[in-house]
Colleague: 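I have a structure here, written as structure tokens, and I will follow up with some questions on it.
Values in this document were obtained by computation on a predicted structure and should not be read as measured data. Chain letters run A, B, ... following the sequence lines, proteins first and then strands; every chain starts at 1.
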Amino acid sequence: MPKLFNPTMECSTASCRLFPRVSARSRRGSSLKSAIIAQKPSTLAEDLPSKKRTNWGKYDNSLEQAAAAWRNHKTVNWELEKPLDRTTSFATLASLLKRCGQAKALYHGRLVHAHIRRYRYDWNTFLGNWVVKMYGDCGSIEDARSVFDNLPKINLYSWNILMNAYAQNGCGREALECFQRMQCDGIRPDQVSFVAALDACSSIAALEKGQEVHAAIVRRGYDRQLIVGNALVNMYGKCASLGDARNVFNQMVNRDVISWTAMITALSQNGHCDEALDFFDQMQGAGFKPNPITFVCALDACASLADLKKGQEIHAAIVEAGYEGRADMGNGFLNMHNALVNMYGKCGSLEDARRVFSRMPSRTVASWTAMITACSQNGHSKEALCLFNRMQSDGIKPDQITFVTVLDACTSLAALEKGQEIHAAIVECGYEEQVVVGTALINLYGKCGSLEDARNVFGRMPVRDVVSWNAMIAACAHNGHGMEALDLFDYMQSDGFKPNHVTFLSVLAACSHTGRVDAARRYFNSMREDHSLIPKVEHNVCLIDILGRAGLLDDAENLINSMPLESKARVWLCLLGACRIYGDVERGARAASHAIKLDPENAAPYVLLSNIYAAAGRSFVEVYTPTQSSRCRGTAPGTAQVPWVPYRCRGTGTHGACFFFFENLF
DNA sequence: TTAGGGTTAG
């Protein structure tokens, strides 16, 4: 029995098997035709510059050449291994286009399209719609649009397919324009159109437009449909309108696993991970069995919470469902395994992440990236770099996220040379212009002290976002170029970017390095006043540090006392550090006492205070005795005067310093 | 004889 062609298999293999004679010829000839054929399919698709794709004159040429090349060798009906010809039915052609779309096999899709054009079947809207869908599924949205524009007759299917093509390729605005235009053209949207419109709103987080579409859905009576309800829950979740998502979910007449999964995702992606996990349990209580996608969402919530116990529970449920080790159902199970690796990595259980990874039935670049991230984020940066090499020896090409993770590992190791090597590979792959990659590079160069390289990368970035601006400001601030950092802060705003909490940390660091106390106060106050940002502990620590270093201890202490922060242990500790510099014993004792009260396990305040006393030549220290631990031998909580002897380090245990004092007391 | 809902990596 002949082995059937599977479009998901390696393109080059498929190409050789399908068109052996052409491949042989391509090795000999040097004509354009041969050159096209000699290309690996995926390369050919990428080689058509995006601008040319809309230019049908040029594009037709390529297609015609491709078609001509195959005229003698026949495009093949992959299911029957029969050449395509005039007798091939429309149903077969549609089925081939569908499979090309599912497998994202753009090159083969183009071949089928060429066949359709060759026999002038492009007058047929049914086939034309399938071609539009194929291009949309393959991510070639400009081709989809061109084919749509040349359709002889546009029907409801055509509009719905085009809208989905736009919505699924990150062009929500264009999808919504189609939604308007179809109605202007007198075509009444059906529930599929509404779902596509909601999807478009989700992709660009257009809440108001989504609400408008919701109102139209209610007017037309589609709101009781299960799929429409699910799309609404998803839209409100993606638009961060959790209350609306809940309302729609609660009012749904029917629910299925997808409704529950959409609600779990809405909760988890809007910072309500605990509740998302409650919903996951409730869903099972209501008799719905989680599927691989539900498990992915639940694992994601565990990862965000770093809740290892719940993550392990869910892993056990996956094993019980018989899902572990399965590789069928497209990418469903694969993604679930990736989510397990990710969850264990985020929960700090590298050993479990390794175990899942080693048992995975198959791995994609996402699986490798998840494992590399797990290593890198758990302090095993060298292992992350080894895995990166192993991945490439296994023939998996890194993508932009892999590069970001690997650059982070280099940053942690301060491995500038390795980072530069990876930078060269990034340039070779054409990823340098990607904003996330550029940002990771700026971070690397900034942290490794190579500010000039950071500036170069930043200067070359075609697109920047807040994160890349933050990285560049931080690079300047931490390399002693405080003024440049503050200038960048101004440029960033004139470029239309709103600073966030991270920006202000770097700005305050820049003020600290340049000793600009008044400017620091101004920036700190402007967080709340001009940018509606509530300063976090880190910002307060930064400002106290600046005031403390400048000797403005009164101001620093007053600021701490006026802070509405829940936990002030770190800020008191910061003031304590400043008291040490300025030898302020009384204030130091006060600060230490606050810090110890708030975080009795931390030895740092004891050590700092003892240093202050030693420097002041005092013979005792006054410390707050936190607990009746065995080490304290019955000391009641309260304040004790401890005789001072010169400090010697007595180990690293959390009670080390405490033990030291009490040892001298008794 | 087509189209539609839920998922991961910074």
Side-chain angles (χ1 to χ4, degrees), chain A residues 89-95 97-98 101 124-134 136-137 155-165 167-168 189-199 202 222 225-235 237-238 255-266 268-269 290-301 303 331-332 334-343 345-346 364-374 376-377 398-408 411 434-440 443 465 467-468 471:
Chain A
S89 71
F90 284 8
T92 303
L93 290 169
S95 154
L97 287 165
K98 185 178 181 182
N124 181 283
T125 301
F126 167 71
L127 274 185
N129 287 346
W130 271 113
V131 175
V132 175
K133 180 164 163 51
M134 179 276 293
D137 287 347
N155 58 22
L156 176 63
Y157 287 103
S158 325
W159 280 112
N160 287 349
I161 290 170
L162 184 68
M163 277 174 67
N164 275 308
Q168 284 161 15
D190 67 352
Q191 67 272 35
V192 179
S193 327
F194 280 115
V195 169
L198 289 172
D199 231 25
S202 308
Y222 288 131
Q225 294 226 357
L226 176 65
I227 290 175
V228 176
N230 291 348
L232 278 167
V233 171
N234 178 47
M235 183 274 290
K238 294 284 187 306
R255 294 186 195 117
D256 64 2
V257 183
I258 297 182
S259 331
W260 283 93
T261 309
M263 196 58 222
I264 292 169
T265 307
S268 155
Q269 292 183 345
N291 64 22
I293 297 183
T294 325
F295 279 125
V296 168
C297 303
L299 288 169
D300 191 37
N331 280 340
L334 181 65
N335 291 346
M336 187 193 70
H337 285 91
N338 295 347
L340 273 170
V341 172
N342 179 48
M343 179 275 292
K346 293 281 188 307
T364 59
V365 60
S367 327
W368 284 93
T369 306
M371 191 61 227
I372 293 172
T373 309
S376 172
Q377 290 180 347
D399 69 3
Q400 47 163 323
I401 309 285
T402 323
F403 279 124
V404 168
T405 305
V406 177
L407 286 173
D408 280 352
T411 307
Q434 299 277 339
V435 65
V436 285
V437 178
T439 305
N443 218 9
D465 63 7
V467 188
S468 44

Colleague: Remember a base hit wins even if backbone is also touched, and classify A:V437 as base, sugar-phosphate or nothing at under 4.0 Å, heavy atoms.
Modeller: nothing

Colleague: Answer with base, sugar-phosphate or nothing: what part of the nucleic acid does A:N338 contact at a heavy-atom distance below 4.0 Å?
Modeller: base

Colleague: Side chain of A:D190 only, please: which of B:dA9, B:dA3, B:dG4 is the nearest?
Modeller: B:dA3

Colleague: Heavy atoms from C-beta onward define the side chain here; which of B:dG4, B:dA9, B:dG6 lies closest to that of A:Q191?
Modeller: B:dG4

Colleague: Between B:dT2, B:dT8, B:dG10, spot the one nearest the side chain of A:A366, thanks.
Modeller: B:dT8

Colleague: Side-chain donor or acceptor of A:N291 under 3.5 Å from a matching atom on the base of B:dG6?
Modeller: yes

Colleague: Measure from CG on A:N342 to P on B:dT7 and round the result to the nearest Å.
Modeller: 15 Å

Colleague: Specify the separation, in whole Å, of atom CD1 of A:I401 and atom C1' of B:dT8.
Modeller: 10 Å

Colleague: So if I take every side-chain heavy atom of A:I293 and compare against B:dT2, B:dG6, B:dA3, which nucleotide ends up nearest?
Modeller: B:dG6

Colleague: What's A:A196 touching, base or sugar-phosphate or nothing? Going by heavy atoms closer than 4.0 Å.
Modeller: nothing

Colleague: Just to verify, which of A:T405, A:T364, A:N342, A:T402 counts as forming a side chain to side chain donor-acceptor pair (under 3.5 Å) with A:T369?
Modeller: A:T402

Colleague: Touch check for A:V296, heavy atoms < 4.0 angstrom, all strands: base, sugar-phosphate only, or nothing?
Modeller: base

Colleague: Would you mind reading off the distance between A:N129 atom CG and B:dA3 atom P, rounded to a whole angstrom?
Modeller: 10 Å

Colleague: Using the side-chain heavy atoms of A:Q225, tell me which of these nucleotides is nearest: B:dG4, B:dG6, B:dA9.
Modeller: B:dG4

Colleague: Should A:S202 and A:D199 be marked as a side chain to side chain donor-acceptor pair (under 3.5 Å) after you check the CA-CA gap, both sets of side-chain angles, and the distance that decides it?
Modeller: CA-CA 5 Å; A:S202 308; A:D199 231 25; 4.7 Å; no

Colleague: Heavy atoms only, 4.0 Å cut-off, all strands: where does A:V404 land among base, sugar-phosphate and nothing?
Modeller: sugar-phosphate

Colleague: To the nearest angstrom, how far is A:M343 atom CE from B:dA9 atom P?
Modeller: 14 Å

Colleague: Which part of the nucleic acid does A:S367 contact within heavy-atom distance under 4.0 Å: base, sugar-phosphate only, or nothing?
Modeller: nothing

Colleague: Whole-Å distance between B:dG4 C1' and A:L156 CG?
Modeller: 11 Å

Colleague: For a quick test of reading the model: is some side-chain N or O of A:K238 closer than 4.0 Å to OP1 or OP2 of B:dT7?
Modeller: yes

Colleague: Across the strands shown, which category fits A:Q400 at heavy-atom distances under 4.0 angstrom: base, sugar-phosphate, nothing?
Modeller: nothing

Colleague: Roughly how many Å is it from CG in A:L162 to C1' in B:dA3, rounded to a whole number?
Modeller: 12 Å

Colleague: Over all strands shown, is A:N335 touching base, sugar-phosphate only, or nothing at heavy-atom distances under 4.0 angstrom?
Modeller: base

Colleague: Which atom names give the shortest non-hydrogen contact between A:K346 and A:T373, and what distance separates them?
Modeller: NZ-CG2, 4.4 Å

Colleague: So if I take every side-chain heavy atom of A:V467 and compare against B:dG6, B:dT8, B:dG10, which nucleotide ends up nearest?
Modeller: B:dG10

Colleague: Whole angstroms only, please: what is the CD-P distance between A:Q377 and B:dT8?
Modeller: 16 Å

Colleague: So, OP1 or OP2 of B:dT8: does either fall under 4.0 Å of a side-chain N or O from A:Q269?
Modeller: yes

Colleague: Taking all non-hydrogen atoms of both residues into account, name the closest pair between A:L226 and A:S259 and its distance.
Modeller: CD1-OG, 3.7 Å

Colleague: Using a heavy-atom cut-off of 4.0 Å across all strands, would you classify A:I372 as base, sugar-phosphate, or nothing?
Modeller: nothing

Colleague: Report the distance from atom CG of A:L198 to atom CD1 of A:I227, rounding to the nearest 0.5 Å.
Modeller: 12.5 Å

Colleague: Choosing from B:dA3, B:dA9, B:dG6, which nucleotide comes nearest the side chain of A:I161?
Modeller: B:dA3

Colleague: Is A:D199 touching bases, backbone alone, or none of the nucleic acid, heavy atoms closer than 4.0 Å?
Modeller: sugar-phosphate

Colleague: To the nearest angstrom, how far is A:L127 atom CG from B:dT1 atom P?
Modeller: 13 Å

Colleague: From the list B:dA3, B:dG6, B:dA9, which nucleotide is the closest neighbour of the side chain of A:T373?
Modeller: B:dA9

Colleague: Indicate yes or no: at least one non-hydrogen side-chain atom of A:V436 is less than 4.5 angstrom from one of A:F403.
Modeller: no

Colleague: Counting C-beta onward and ignoring hydrogens, is there a side-chain heavy-atom pair between A:V467 and A:V435 closer than 4.5 Å?
Modeller: no

